[in-house]
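In what follows, every chain begins at residue 1, and chains take the letters A, B, ... in the order their sequences are listed. Note that these values count all heavy atoms, side chains included, but never hydrogens, waters or copies made by symmetry.
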Amino acid sequence: MRPRILVQTEDFDINAEMQRLTAENTGGIATFTGIVRAQNGAGPAIIALTLEHYPGMTEAALAKIAEEAKNGWPLTACTIIHRTGRLIPGDNIVFVGTASAHRQAALASCAFLIDYLKTHAPFWKKEDFANGTSHWVEPA
Amino acid sequence: METIADLITWLKTRSAGHAAAFANPTLIRCAVDQEFAAPEKNITTATEIAFFPPVTGG
C-alpha cells in the first residue's frame, strides 16, 4: 500500500478521495477534513488564511508521517492532502483518510495522522482579519 | 563548528538582528537536509540547514 500524499493550492474532492480509499479488503474508512474558520474563539472575524510551507521537506515529512501510521495499524489505504496559499472561511484546508479492515484501526490512525501532522509537518498559517490586521498563528 | 547549537551560537554574533532572531531558542525549530533535527545534531556533512518557528499546519 502506497500512501497518497498531495500538497496543492487546488481544492480536493472528498467523494473522489473516499472512492480512492476503497480497496478490496476495506471494512471501514475514517476521514478528517479541516476547514477554515470564520473566527478563532472570541477573536476578530477572519477574512482569509494564508498557508505557507517548506517545499521538499513538506512532502518528505508527510510521507514519513504516513509511514508511521502504516507501521502502527494494518491499513489498506491512506491519503493526506494539505492545501497551501490563500484560503477563505469555509474552504477545505486538509484531508486525512485511512482505510482498514476494521473501524478501530481506521479511526485511531486517522486521529494519529491529523494530530501528528500538526506538530511534524512544516506548514504555517497567517490570519487576515476584517479589521485590516493580520498575524501568524501560534501553535496550540 | 559541529552541531546546530554551535551554528546558532555563531549566527547570534553576526548582528543585532541575528541575536534577536535567535534570542528565544524554544521558539526555533531546525531541519537538516529537510528532516527535523535537535540542537545537538551534527551538521558537518549537511548540505541544507533551515530554521523556522513552530509549525501550525493541519
Q: For residues A/Val7 and A/Phe32: do they belong to one hydrophobic cluster (side chain heavy atoms under 4.5 Å, members Ile, Leu, Val, Met, Phe, Trp, Tyr)?
A: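 Shared cluster, yes.
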
Q: Picking from A/Gly34, A/Ala61, A/Ala121, A/Ala60, which has the most non-hydrogen pairs under 4.5 angstrom with chain B?
A: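 Most heavy-atom pairs under 4.5 Å with chain B: A/Ala121.
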
Q: Is A/Leu117 linked to A/Leu87 within one hydrophobic cluster, defined over Ile, Leu, Val, Met, Phe, Trp and Tyr using a side-chain heavy-atom separation of less than 4.5 Å?
A: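 Result: yes, single cluster for both.
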
Q: Measure distances from B/Glu48 to the heavy atoms of chain A and classify the residue's part below 4.5 Å as side chain, backbone, both or neither.
A: side chain

Q: Ignoring hydrogens, what is the shortest heavy-atom contact between A/Pro139 and B/Val55? Give both atom names and the distance.
A: CB-O, 4.0 Å

Q: Under 4.5 Å heavy-atom distance to chain B, tell me which part of A/Glu52 shows up: side chain, backbone, both or neither.
A: neither

Q: Between A/His82 and B/Gly57, is there a donor-acceptor pair closer than 3.5 Å when you use the side chain of the first and the backbone of the second?
A: no

Q: Which atom pair, heavy atoms only, marks the closest approach of B/Gly58 to A/Lys118?
A: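 So the minimum-distance heavy-atom pair works out to C-NZ, 3.7 Å.
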
Q: Rounded at 0.5 Å granularity, tell me how far CZ in B/Arg29 sits from NE2 in A/His120.
A: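 B/Arg29 atom CZ to A/His120 atom NE2 measures 10.0 Å (nearest 0.5 Å).
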
Q: Is atom NE2 of A/His102 surrounded by more than 12 heavy atoms (other residues, nucleotides or ligands) closer than 6.0 Å?
A: no

Q: Where on A/Tyr54 is there a heavy atom nearer than 4.5 Å to chain B: the side chain, the backbone, both, or neither?
A: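 For A/Tyr54, the contact with chain B is made by the side chain alone.
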
Q: Taking CD in A/Glu138 as the centre, count heavy atoms belonging to other residues, nucleotides or ligands within less than 6.0 Å. Is the count above 12?
A: no

Q: Is B/Val32 linked to B/Phe52 within one hydrophobic cluster, defined over Ile, Leu, Val, Met, Phe, Trp and Tyr using a side-chain heavy-atom separation of less than 4.5 Å?
A: no

Q: Is the closest side-chain heavy-atom distance between B/Thr56 and A/Phe123 below 4.5 Å?
A: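 Of all side-chain heavy-atom pairs linking A/Phe123 with B/Thr56, none is under 4.5 Å.
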
Q: Hey, is NZ on A/Lys70 packed in by over 12 heavy atoms from elsewhere, all under 6.0 Å?
A: yes

Q: Are A/Phe12 and A/Val96 in one and the same hydrophobic cluster, where Ile, Leu, Val, Met, Phe, Trp and Tyr link if side-chain heavy atoms are under 4.5 Å apart?
A: no

Q: Would you indicate whether the side-chain heavy atoms of A/Lys64 and B/Phe36 approach each other to under 4.5 Å?
A: no

Q: Quick check: is A/Leu51 connected to A/Phe129 through a chain of hydrophobic side chains (ILVMFWY, heavy atoms under 4.5 Å apart)?
A: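 In one cluster with A/Phe129: A/Leu51, no.
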
Q: Is there side-chain contact between A/Trp136 and B/Pro53, with heavy atoms separated by less than 4.5 Å?
A: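 A/Trp136 vs B/Pro53: side chains apart.
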
